[in-house]
Amino acid sequence: MSTPELGLPMVVPAPDLPARVRIYEVGARDGLQNEKATVPTEVKAEFVRRLADSGLTTIEATSFVHPKWVPQLADAEQLFPLVSDLGRSSGVHLPVLVPNERGLDRALALGARHVALFASATESFAKANLNRTVDESLAMFEPVVSRAKADKVHVRSYISMCFGDPWEGPVPIHQVVRVCKALMDMGCDELSLGDTIGVATPGHVHALLAELNEEGVPTSALGVHFHDTYGQALTNTLAALQHGVTTVDASAGGLGGCPYAKSATGNLATEDLVWMLQGLGIDTGVDLARLTATSVWMAERLGRPSPSRTVKALSHKE
């Protein structure tokens with residue numbers, strides 16, 4: 001008998017937490033782009049459909065970065081039409097990553113209505129990931145955001161290295177805030193604060209969120225994206241929830257990392273997040289059993305077990 005059938009986790013709400021959390025699922029993009037082997041397009045499409053069937057309503061589908069840089073997602077033009085009907089029939093949002101105007105052109109040509117940029121809070125990572133300075137990358141994003149908003153497309157921006165950088169070490173909070181404000185000022189609808197190498201701790205999370213609020217960036221526009229390198233992803237997520245954040249990025253089965261920061265391990269596993277939120281009485285709309293089955297299915301296709309502790313526990317696989 002599985003643990004949920006025993007009535008576990010027991011629901012014990014905690015004070016001052018949101019009633020509902022939107023899970024921004026990144027496994028199909030951020031997860032699969034970090035795999036050494038290229039997953040067949042049909043398997044990726046089935047993965048997205050299974051994620052939607054589990055109740056996830058925001059699923060980042062693919063990336064329109066040049067295939068030279070992310071060959072694992074070189075099939076974006078082939079994949080997106082295979083899943084785009086989910087947006088029309090089921091109301092599922094299918095954001096796609098776009099690096100520049102060319103990426104935006106490719107996404108819009110296929111009917112994408114939600115796009116995401118990827119910025120950096122540090123010069124070292126901006127150089128490694130975008131081959132530009134921070135300010136040069138912001139200048140590159142301006143026409144992308146402007147054109148997307150003119151077409152009534154929702155724009156998110158990831159900000160990497162918000163809590164620490166593998167080359168520069170600690171990242172000053174004011175440095176992160178400057179980049180966040182610039183992105184909001186140019187018209188981004190939402191920001192995702194990335195702990196790319198997983199070094200954040202709860203006090204740091206609270207401090208960054210508070211400073212962003214003081215500088216005019218509302219909590220309602222913020223999401224969090226934690227990696228579990230030091231086992232802190234759930235703890236940091238709870239700190240963000242206590243501050244009022246209601247959007248949390250996670251990856252089914254804990255897939256993912258960052259190809260430009262080798263110290264970045266997997267993302268927070270969606271199943272681990274759902275288990276905690278269910279125990280807190282926070283609604284996600286996700287069927288944990290179906291989600292777990294999906295991650296087991298994908299792990300079989302990748303030829304290795306899921307690193308998610310909840311997947312292991314519920315599937316009885318070590």
Side-chain angles (χ1 to χ4, degrees), residues 1-28 30-31 47-60 90-93 192-193 195 198 200 202 205-206 209 219-220 222-228 231-256 266-299 305-318:
M1 182 178 292
S2 67
T3 311
E5 290 173 344
L6 293 173
L8 297 173
M10 180 176 171
V11 177
V12 183
D16 302 321
L17 293 178
R20 183 177 176 86
V21 162
R22 176 180 69 131
I23 296 176
Y24 192 105
E25 173 60 47
V26 301
D30 193 9
F47 187 35
V48 172
R49 290 187 173 279
R50 288 177 180 238
L51 291 170
D53 190 53
S54 75
L56 290 159
T57 57
T58 302
I59 305 167
E60 196 165 69
S90 306
V92 174
H93 293 157
S192 174
L193 306 174
D195 182 20
V205 173
H206 280 297
L209 292 170
T219 302
S220 59
L222 298 172
V224 289
H225 185 114
F226 293 117
H227 286 234
D228 207 29
Q232 302 296 298
L234 276 177
T235 302
N236 291 328
T237 297
L238 182 58
L241 298 179
Q242 290 169 335
H243 192 87
V245 170
T246 59
T247 295
V248 180
D249 297 3
S251 176
L255 295 172
N267 293 291
L268 168 62
T270 311
E271 294 83 359
D272 296 355
L273 173 63
V274 171
W275 179 272
M276 181 183 79
L277 296 178
Q278 283 188 356
L280 289 166
I282 297 173
D283 181 29
T284 63
V286 175
D287 184 314
L288 183 55
R290 287 187 178 184
L291 180 60
T292 298
T294 294
S295 288
V296 170
W297 174 86
M298 179 52 78
S306 166
S308 165
R309 293 175 181 174
T310 300
V311 170
K312 290 178 181 178
L314 296 183
S315 62
H316 305 290
K317 292 184 179 181
E318 295 299 329

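In terms of heavy atoms, Phe226 sits closest to Ala200 at CE2-CB, 4.4 Å. Nearest heavy-atom pair across Ala233 and Asp228 is N-OD1, 3.0 Å. Scanning all heavy atoms of the two residues, the minimum distance from Val311 to Ser295 falls at CG2-CB, 4.0 Å. Across all non-hydrogen atoms, the minimal contact from Pro307 to Gly254 is CG-O, 3.9 Å. Closest approach of Gly253 to Ala269, counting heavy atoms only: C-CB, 4.2 Å.
Taking 4.5 Å as the limit, every side-chain heavy atom of Leu255 sits out of range of all side-chain heavy atoms of Asn267. Between Ile282 and Leu241 the shortest side-chain heavy-atom distance falls below 4.5 Å. Side-chain contact check for Leu288 versus Glu271: some heavy-atom pair is nearer than 4.5 Å. The shortest distance between side-chain heavy atoms of Val224 and Asn236 does not fall below 4.5 Å. Counting only heavy atoms from C-beta outward, the side chains of Thr219 and Leu209 never approach each other to under 4.5 Å.
In this structure, the separation between CG on Asp249 and NE2 on His227 is 8.5 Å, given to the nearest 0.5 Å. Put simply, CD1 on Ile23 and OG on Ser251 are 11.5 Å apart, with the number rounded to the nearest 0.5 Å. For the atom pair CG of Asp272 and OG of Ser306, the computed distance is 8.0 Å after rounding to the nearest 0.5 Å. The OG1 atom of Thr237 sits 6.0 Å away from atom CG of Leu273, with the distance rounded to the nearest 0.5 Å. The CD1 atom of Ile59 lies 10.0 Å from the CZ atom of Arg49; values are rounded to the nearest 0.5 Å. Rounded to the nearest 0.5 Å, atoms CD (Gln278) and CG (Leu8) are 11.0 Å apart.
Checked by atom type and distance alone, the side chain of Asp287 never pairs as donor or acceptor with a backbone atom of Ser54 at under 3.5 Å. Side-chain atoms of Thr270 come within 3.5 Å of backbone N or O of Ala252 as a donor-acceptor pair. A donor-acceptor contact shorter than 3.5 Å is absent between the side chain of Arg290 and the backbone of Gly55.
Considering Asp195, Asp30, Val248 as possible partners of His225, the one that fulfils the side chain to side chain contact (heavy atoms under 4.5 Å, CB included) test is Asp30. Only one option out of Thr247, Thr246, Asp283 pairs with Pro18 in a side chain to side chain contact (heavy atoms under 4.5 Å, CB included); it is Thr246.
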Q: Show your working on side chain to side chain contact (heavy atoms under 4.5 Å, CB included) between Leu238 and Leu280 and close with a plain yes or no.
A: CA-CA 10 Å; Leu238 182 58; Leu280 289 166; 4.1 Å; yes

